[in-house]
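So you know, we letter chains A, B, ... as the sequences are listed, proteins then strands, and number each from 1.
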Amino acid sequence: MVKEEGFVKQITPKSEDFSRWYVELIRRAELADYAPLKGMMVIRPYGYSIWENIQRLLDQRIKASGHQNAYFPLFIPESFLKKETEHLQGFSPEVAWVTQGGQEELEERLAVRPTSEAIIGYMYSKWIRSWRDLPVLINQWANIVRWEKVTRPFLRTTEFLWQEGHTAHETREEAEEETRLILEMYREFVETELAIPVIAGRKTEREKFAGAMETYSIEGLMSDGRALQMGTSHNLGQHFSRVFNIRFEDRQQQLQYVWQTSWGVSTRLVGALVMTHGDDSGLKFPPQVAPIQVVIVPISLGNWKEKVLPQAQKISSLLREQEMRVYLDAREEFTPGWKFSEWEMRGVPLRLEIGPRDVQNNQVVLVRRDNREKITVPLSEVVAKVHQVLTEIQKNLFHLAGQFQQENTCQTEDYQEFKEIIETKRGFLKAYWCGQTTCEEKIKEETQATIRVIPFGQPEGVATHKCLRCGAKAQWLVYFAKAY
RNA sequence: CGGGGAGUAGCGCAGCUUGGUUAGCGCGCCUGCCUUGGGAGCAGGAGGUCAUCGGUUCAAAUCCGGUCUCCCCGACCA
């Protein structure tokens, strides 16, 4: 174990200033850089690679559950957006408009999609005629524009990348089932691949998606004690089908409006990875989504190019044959020590060192990013061992994040104590709530904490408790937190 | 969108109060030698429309105004 200090220079320690640490790290690790436009960023190759891994792993799940990918237009005519007033009102402050094409003023303004319910709803009304056409299970990978006032790299940018699923069903029950199934898919995905434990549940009326009947979400707890919404799944009911006239003839030959859902996760997940796992030395990526899973650093001593490098290259190909993402850092202009620090900062889960001594002894040295443990491994066992250690790191990161979440989740029935905890420790706060929006809003005003989620699996006897703020009969046990 | 802070070499900063030769420093970068198992050393070198536009002045990084961008704290959101 080596002291953290001195490993990474020029990055503000996480404990000292979390926000600075976050933005400095993202730029130094080359995940992203600011574009010369307000609130816009460039996702650089190293950062985009994470998104590609997220896409690949999530896309597999989306397709395995019967959905297909498609692509809808970037622009939405204003009249389409206006049809659903609740939806429009929810988004209007953050819609970007196109008013001119070439030299000509457009007759109708075009919205740059803030989400695609409207245009997809319109298309569905053309495609759906009979119950035999249902369900429609479509997903699109796309970019979205929301004119946000306050932006932060990955967490909230004016343009971002996401996946949005839009489905249409015969019955309310089927739509509800889809909504819940997708939320569960998100939970499993985020916990398995990103190693981030989340709380799944239902959103309150106030936090619901504009135009939705129900919104479900998964919420993670970042290591500064603030909550981050990491994925949402909406049961849209018949709101949009009534507005866009998406009707079908049911099994009893009756005309019905379809029941719809929509759901998405975004490039925000990359920010969640940074904030959940990173430390003072830099990033710490779970192997499943790490751009580079193993970095091989040959120790450049003496005639290392003849003795050490070939061995390193051989190991590199062996690991690549196993579909591992490997980078052999044979650059001569940097010393091994420099490379160690650099790759730690950039979050590579496992480093493989090989020097003259190791070649002599037919071995390599593995060093874990998560706990800095050094493991000497005989050459013959390298592939198996690397595989095993990567699996352990993935598990360990999830375990550590889970521990953090537990340690930072409190429950209280005392409003004064609630305020203190939110003020000092932050984290998740479980508390009873009467179900009234007015109470929810007052708590937000007074403490800045919002109800992140009404978790599934409510405990017995909630009604015997009192609302945290008003003292009325409790309806739910909910998770409060300061949120991003 | 309100309140506060900032923009000088790739990065981190000094210089600005009190305008005046050639705008500095550390790291990084380039060349060479030498090194390399936790961010090596020496020597030489390159790199700047001082965010941007305008104003004041004989003279502006420095003074005044507009704009853009970033950071922090609030109201809104993936």
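- No contact: A/Asp17 has no heavy atom under 4.0 Å from any strand.
- Within the nucleic acid shown, A/Val265 has no heavy atom closer than 4.0 Å to any nucleic acid atom.
- One finds no side-chain N or O of A/Arg152 lying less than 4.0 angstrom from the OP1 or OP2 phosphate oxygen of B/C70.
- When each of B/C13, B/G37, B/A78 is scored by its nearest atom to the side-chain atoms of A/Glu353, the top-ranked nucleotide is B/G37.
- In this structure, the CD atom of A/Gln448 is 13 Å from the C1' atom of B/C72, given to the nearest Å.
- Protein atom OH of A/Tyr484 is 17 Å distant from nucleotide atom P of B/A78, rounded to whole Å.
- Atom name C1', nucleotides B/U57 and B/C13: the rounded distance is 30 Å, in whole Å.
- Distance alone, capped at 3.5 Å, is enough to place a donor-acceptor pair between the A/Lys14 side chain and the A/Gly278 backbone.
- Taking the P atoms as reference points, B/G20 lies 10 Å from B/U62, given to the whole Å.
- The nearest whole Å value for the distance from the NZ atom in A/Lys339 to the P atom in B/A40 is 11 Å.
- In this entry B/G37 has no Watson-Crick or G-U wobble partner, no candidate having both defining distances under 3.5 Å.
- Listed candidates were B/G37, B/C71, B/A75. Nearest to the side chain of A/Val23 is B/C71.
- Using a 4.0 Å heavy-atom cutoff across all strands shown, A/Thr215 reaches no nucleic acid atom at all.
- Counting only heavy atoms from C-beta on, A/Val150 has its side chain closest to B/G74 among B/G74, B/U36, B/C76.
- Each of A/Gly39 and A/Val367 was matched to the nucleotide of RNA chain B holding its nearest heavy atom; the match closer to the 5' end belongs to A/Val367.
- Between A/Arg351 and A/Phe91, the residue anchored closer to the 5' end of RNA chain B is A/Arg351, taking for each the nucleotide with the nearest heavy atom.
- In terms of phosphate contacts, A/Tyr34 brings a side-chain nitrogen or oxygen within less than 4.0 Å of OP1 or OP2 of B/C71.
- B/G48: no Watson-Crick or G-U partner with both key distances under 3.5 Å is found in any strand.
- B/A14 is unpaired under the criterion used here, namely a Watson-Crick or G-U wobble arrangement in which both key atom distances are under 3.5 Å.
- At the heavy-atom level, A/Pro93 lies nowhere under 4.0 Å from the strands shown.
- Taking the six-membered ring for Trp, A/His87 and A/Phe240 have ring centres closer than 6.0 Å.
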Candidate pair A/Thr409 and A/Lys430, rule side-chain contact (heavy atoms from CB on, under 4.5 Å), full reasoning: CA-CA 7 Å; A/Thr409 301; A/Lys430 291 163 84 173; 3.8 Å; yes
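- Nucleotide B/C34 holds its C1' atom 14 Å from the CD atom of A/Glu332, rounded to whole Å.
- Residues forming a side chain to side chain donor-acceptor pair (under 3.5 Å) with A/Ser116 (at least two apart in sequence, or on another chain): A/Gln140, A/Glu164.
- Among pairs with a residue in residues 346-359 of chain A, those fulfilling side-chain hydrogen bond (donor to acceptor under 3.5 Å, both in side chains) read A/Glu344-A/Arg351, A/Arg351-A/Glu353, A/Asp358-A/Gln363, at least two apart in sequence or across chains.
- A distance of about 23 Å separates the P atoms of B/A9 and B/G5, rounded to the whole Å.
- If you check B/A78, B/C1, B/G37 against the side chain of A/Phe160, the one that comes closest is B/A78.
- At a threshold of 4.0 angstrom between heavy atoms, the contacts of A/Phe18 with the nucleic acid are absent.
- In this structure, A/Leu155 atom CG and B/C71 atom P are separated by 11 Å, rounded to whole Å.
- Rounded to whole Å, the C1' atom of B/C64 lies 14 Å from the corresponding atom of B/C16.
- When heavy atoms are screened at a 4.0 angstrom cut-off, A/Gln229 is found touching the sugar-phosphate backbone but no base atom.
- The phosphate of B/C71 has neither OP1 nor OP2 within less than 4.0 Å of any side-chain N or O from A/Ser19.
- For A/Arg357, whose side chain is taken as the heavy atoms from C-beta onward, the closest listed nucleotide among B/A78, B/G37, B/A75 is B/G37.
- In this structure, A/Gly355 reaches the bases: a heavy-atom distance under 4.0 Å links it to at least one base atom across the strands shown.
- In this structure, the ring of A/Phe91 has its center less than 6.0 angstrom from the ring center of A/Phe209.
- Between the C1' atoms of B/C71 and B/C58, the separation comes to 40 Å (whole Å).
- Nucleic acid contact class of A/Lys38 (heavy atoms, under 4.0 Å, all strands): sugar-phosphate only.
- For the P atoms, the distance from B/A23 to B/G47 is 13 Å, rounded to whole Å.
- A/Tyr479 is linked by a ring pair (Phe, Tyr, Trp, His ring centres under 6.0 Å) to A/Phe428, counting only residues two or more places apart in sequence or in another chain.
- In a base pair of the Watson-Crick type (N1 to N3 plus N6-O4 or O6-N4) or a G-U wobble (N1-O2 and O6-N3), with each distance short of 3.5 Å, B/U31 is matched with B/A43.
- Proximity of A/Thr232 to the phosphate of B/A78: no side-chain N or O atom is located under 4.0 Å from OP1 or OP2.
- Nucleotides B/G54 and B/G15 have their C1' atoms positioned 24 Å apart, rounded to a whole Å.
- The C1' atoms of B/C50 and B/A14 are separated by 13 Å, rounded to the nearest whole Å.
- The nearest whole Å value for the distance from the CG atom in A/Leu273 to the P atom in B/A78 is 20 Å.
- Counting non-hydrogen atoms under 4.0 angstrom, A/Gly271 reaches nothing in the nucleic acid.
- Among residues at least two apart or in separate chains, side-chain hydrogen bond (donor to acceptor under 3.5 Å, both in side chains) pairs with a member in residues 296-315 of chain A are A/Lys305-A/Glu332.
- Within the 4.0 angstrom heavy-atom criterion, no nucleotide atom of any strand lies near A/Arg27.
- In A/Phe189, the CZ atom is crowded: over 12 heavy atoms of neighbouring residues, nucleotides or ligands sit closer than 6.0 Å.
- A cation-pi contact links A/Arg180 to A/Phe456, judged by a cut-off of 6.0 Å to the six-membered ring centre and 45° from its axis.
- At a non-hydrogen distance threshold of 4.0 Å, A/Ile299, A/Ser300, A/Leu301 from residues 289-314 of chain A come into contact with RNA chain B.
- Under the Watson-Crick or G-U wobble criterion, with both distances below 3.5 Å, B/C76 has no partner in any strand shown.
- If you take CH2 of A/Trp21 and C1' of B/C71, they are 17 Å apart, rounded to a whole angstrom.
- Between A/Glu333 atom CD and B/C34 atom P the separation is 18 Å, expressed in whole Å.
- For A/Trp147, there are no ring pair (Phe, Tyr, Trp, His ring centres under 6.0 Å) partners at least two apart in sequence or on another chain.
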